[in-house]
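Heads up: the structure comes next, in C-alpha cells.
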Number of protein chains: 2
Amino acid sequence: MPTISKEDYIKAIYQLESDPDKSVSTTDVANKLEVSKAATSEMVQRLSEQGFLNYEKYRGMSLTDEGKKTALHVIRRHRIWELFLMDVLGLSWSEVHAEAEILEHSTSDFLIEKLDEYLGHPKVDPHGEPIPDKYGNLPELPDCVSLQLCEVGKNYRLVKVIDSSKELMNYFTEIGLSLNRMVMVVSRLSYDNSTIIQVGNDSFNISEKISSNLFFIEAVK
Amino acid sequence: MPTISKEDYIKAIYQLESDPDKSVSTTDVANKLEVSKAATSEMVQRLSEQGFLNYEKYRGMSLTDEGKKTALHVIRRHRIWELFLMDVLGLSWSEVHAEAEILEHSTSDFLIEKLDEYLGHPKVDPHGEPIPDKYGNLPELPDCVSLQLCEVGKNYRLVKVIDSSKELMNYFTEIGLSLNRMVMVVSRLSYDNSTIIQVGNDSFNISEKISSNLFFIEAVK
DNA sequence: CTTTAAACTTAGGTATTCCTAACTTAATAA
DNA sequence: TTATTAAGTTAGGAATACCTAAGTTTAAAG
C-alpha cells in the first residue's frame, strides 16, 4: 500500500495525464504538488521501481495500469467523501475539497463501501465528476458542453463544475448555481465572449474564462 | 501541531495516566503502542522538549496541561467519529474503534465541529465514554457501578462498556447488550463470582472478568 | 550492602520525504 | 551548429520515526 505522499504523486500524475496533448513532466508534477523538482525526480524514480509508472530519465512519465488503478482508488475515496461532506454534513462547495484531500488518505476500503452504500452508490461527486466504482471503472456520463458552447435562447441543466478556486465556488453558490440547476442562456456578448444566463429570476454575466468551468446538458423542458 | 505519531504517544500516555495508582513508564507506553522501548524513550524526550510532558530520565513521565489538552483534543475526535460511524453509518460496536483510530488524526477542527453539530453535541460515545468539548472539558456523568457491584433483584441501565476486544464487543452485541439497554440482575454465583442477568427474555451468565467491563446505573423503573 | 535483573537510555543504523545547490541533458534560437 | 537556457538529475543534508544491540541506572533480593 502506497504512503500518503505516494498517493498524492500518483493522483497528481493521473490528473496531469488526463490532458492528452502532452506527456507529464517532472516540472508539471512539482508545480502541482508544490514541491521541489528534486523531490519529484526522486519520487518518480521510486514509483517507477515500484511499478506504478513508466519512466525514462529526462523523458517524462506515464502511469502503468497498476498506477492508474491506485489513482482511481484515491479519487474514488476523495469524491465519495466530497459528496458525503456536502450532502450529509452540509459543507459548502468551497469547503469540501480541502477536507476530502485529507480524508482520502485515511479511509479503509471497508469504510468507503459503507459511505458508498449510505449515499446510494452515487455516480457523480458534488462537482459532477464521475466516481470510480470499487474496481476502478469510471461510470459513463452523458456528453456535456461548456457554457461557451451553449446556444442563446435554450435551457440547460448544470452537470459539471471545475473546482478551480474556493473564491469561484463561493461565487457560484452566491448566484444560485448548484449541480442540476436549470439555467437559460439569455445572450452572448461578442465584445468579450461573455454569456448572460438567467438563474431563477436573476441574470448574470459570466466571463469567457469562468464559462469554461461550467458544463451543461441541454434541457428539453 | 503534533504529528500523527506524537498524537498517538500523547493519547497513550493520557490513558495510562488515568490509572492513578502508578506513574507512566517507558515500558508501559512501548507496550501500549507496540513499539520498542528505544523508540519510546526518544519520543518521550522529544515531547518533553516540546512541552507536552514532564520527564526525568529513568523516572517516568506526566503530561503537562498542554499535553493533556492535546490528548483530549485527539480523544474528542476519536469519540465523535465512533459515534458517527455507529449511529449514522451503522458500523458495529466492534468495528468503530479501528476506523476512528485512523480518522482521529485526519480531521480538521472545522470538520469535527460539523460532525458534533450533526450529532447534536453528544455527551458520550458508543461505549458510554464522555466526549470532551472543544475546549477540552469532559462532561460530568452520573456515577455508575460495574456489574460485579450490581445488586441481585434490581434493574439497571447499561451506561458504559470498556472496549477490551472486538470479540467481546461482538459477544455483547450478540446477546442484545447495547448502550442504555435495561437489564435485571437475576443472581450471583459465589462459586466464581459470575452474575446472571436478564436481557429481554433471555438470561446470560457473565463471568467476573467480563463483568468488570460493564457499567450500570440503577433504574427506578 | 552488594549482586543481579529489570528498566531505561544511547549508539548506530534504516527508510521516507523533503530541501538547496551543483551539475548534466535537452531543446531552442541565433 | 553552437551557445544559451530551461528542464531534469544528483549530491549532500535535515527531520521524523522506527529498529537492534550495547551500555547505564535503578530497584529488589539475598
Side-chain angles (χ1 to χ4, degrees), chain A residues 1-14 16-17 19 21-63 66-67 70-71 74 101-102 104-106, chain B residues 1-14 16-17 19 21-63 66-67 70-71 74 101-102 104-106:
Chain A
M1 179 131 206
T3 60
I4 291 176
S5 268
K6 280 181 191 151
E7 284 188 349
D8 279 332
Y9 279 90
I10 291 169
K11 192 178 72 161
I13 295 163
Y14 181 87
L16 291 165
E17 261 184 0
D19 180 351
D21 293 349
K22 57 179 188 60
S23 79
V24 179
S25 70
T26 304
T27 305
D28 293 337
V29 178
N31 288 341
K32 185 157 177 102
L33 295 177
E34 296 183 282
V35 295
S36 68
K37 287 181 227 173
T40 304
S41 189
E42 270 178 54
M43 181 61 100
V44 162
Q45 287 173 55
R46 233 175 295 149
L47 289 173
S48 172
E49 277 159 29
Q50 290 168 24
F52 294 105
L53 46 84
N54 296 119
Y55 167 67
E56 241 189 301
K57 269 181 194 165
Y58 300 102
R59 290 290 159 158
M61 66 202 76
S62 68
L63 290 176
E66 179 65 23
T70 302
V74 180
E101 202 64 24
I102 313 173
E104 67 184 11
H105 303 298
S106 315
Chain B
M1 179 130 205
T3 61
I4 292 177
S5 268
K6 279 181 191 151
E7 284 187 350
D8 278 332
Y9 279 90
I10 291 169
K11 193 177 73 162
I13 295 163
Y14 181 87
L16 290 166
E17 260 183 0
D19 180 352
D21 293 350
K22 56 179 189 58
S23 79
V24 179
S25 69
T26 304
T27 306
D28 294 337
V29 178
N31 289 340
K32 186 157 175 99
L33 294 177
E34 296 183 282
V35 294
S36 69
K37 287 181 227 172
T40 305
S41 190
E42 269 179 53
M43 182 60 100
V44 162
Q45 288 173 55
R46 231 174 296 151
L47 289 173
S48 173
E49 278 160 27
Q50 290 169 23
F52 294 105
L53 47 84
N54 296 120
Y55 167 66
E56 242 188 302
K57 269 180 195 166
Y58 300 102
R59 291 288 160 160
M61 66 202 76
S62 69
L63 291 176
E66 179 65 23
T70 303
V74 180
E101 201 65 23
I102 313 173
E104 68 184 11
H105 303 297
S106 315

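Note that these values count all heavy atoms, side chains included, but never hydrogens, waters or copies made by symmetry. Lettering follows sequence order; numbering is per chain, from 1.
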Rounded off to whole Å, could you give me the [atom1]-to-[atom2] distance for the [X] and [N] pair?
{"X": "A:Asp28", "N": "D:dG8", "atom1": "CG", "atom2": "C1'", "answer": "12 Å"}
{"X": "A:Met43", "N": "C:dC18", "atom1": "CE", "atom2": "C1'", "answer": "9 Å"}
{"X": "B:Asp8", "N": "D:dT16", "atom1": "CG", "atom2": "C1'", "answer": "14 Å"}
{"X": "A:Tyr9", "N": "C:dT16", "atom1": "OH", "atom2": "P", "answer": "14 Å"}
{"X": "A:Lys22", "N": "C:dA27", "atom1": "NZ", "atom2": "P", "answer": "15 Å"}
{"X": "B:Ile4", "N": "D:dC18", "atom1": "CD1", "atom2": "C1'", "answer": "15 Å"}
{"X": "B:Met61", "N": "C:dA7", "atom1": "CE", "atom2": "P", "answer": "14 Å"}
{"X": "B:Tyr58", "N": "D:dA27", "atom1": "OH", "atom2": "P", "answer": "12 Å"}

side-chain contact (heavy atoms from CB on, under 4.5 Å) partners of [X], counting only residues at least two apart:
{"X": "A:Ala12", "result": "A:Lys32, A:Leu33"}
{"X": "B:Gln45", "result": "B:Ser41, B:Tyr55, B:Lys57"}
{"X": "B:Ser36", "result": "B:Ala38, B:Ala39"}

It should be established whether [X] places a side-chain nitrogen or oxygen under 4.0 Å from OP1 or OP2 of nucleotide [N].
{"X": "A:Thr27", "N": "D:dA6", "value": "no"}
{"X": "A:Arg46", "N": "C:dT16", "value": "no"}
{"X": "A:Ser5", "N": "C:dC18", "value": "yes"}

*For B:Glu66, salt bridge (charged side-chain N to carboxylate O under 4.0 Å, His left out) partners two or more places apart*: none
*Residues in salt bridge (charged side-chain N to carboxylate O under 4.0 Å, His left out) with B:Glu7, at least two apart?*
B:Arg77
_Given C:dC18, D:dT16, C:dT10, the nucleotide with the shortest approach to the side chain of B:Thr3_ = D:dT16
*Nucleotide nearest B:Ser25 when distance is taken to its side chain, options D:dG8, C:dC8, C:dT17*: C:dC8
*By nearest nucleotide on DNA chain C, pick out whichever of A:Lys57 and A:Gln50 is the more 5' one.*
A:Gln50
Protein N or O to nucleotides 19-22 of chain D N or O, pairs below 3.5 Å:
residue : atom : partner : partner atom : Å
D:dC19  : OP1  : B:Ser36 : N            : 3.3
D:dC19  : OP2  : B:Ser36 : N            : 2.9
D:dC19  : OP2  : B:Ser36 : OG           : 2.6
D:dC19  : N4   : B:Glu42 : OE2          : 3.1

*asked:* Measuring only between side-chain heavy atoms, which start at C-beta, is A:Val29 closer than 4.5 Å to A:Ile13?
replied: yes
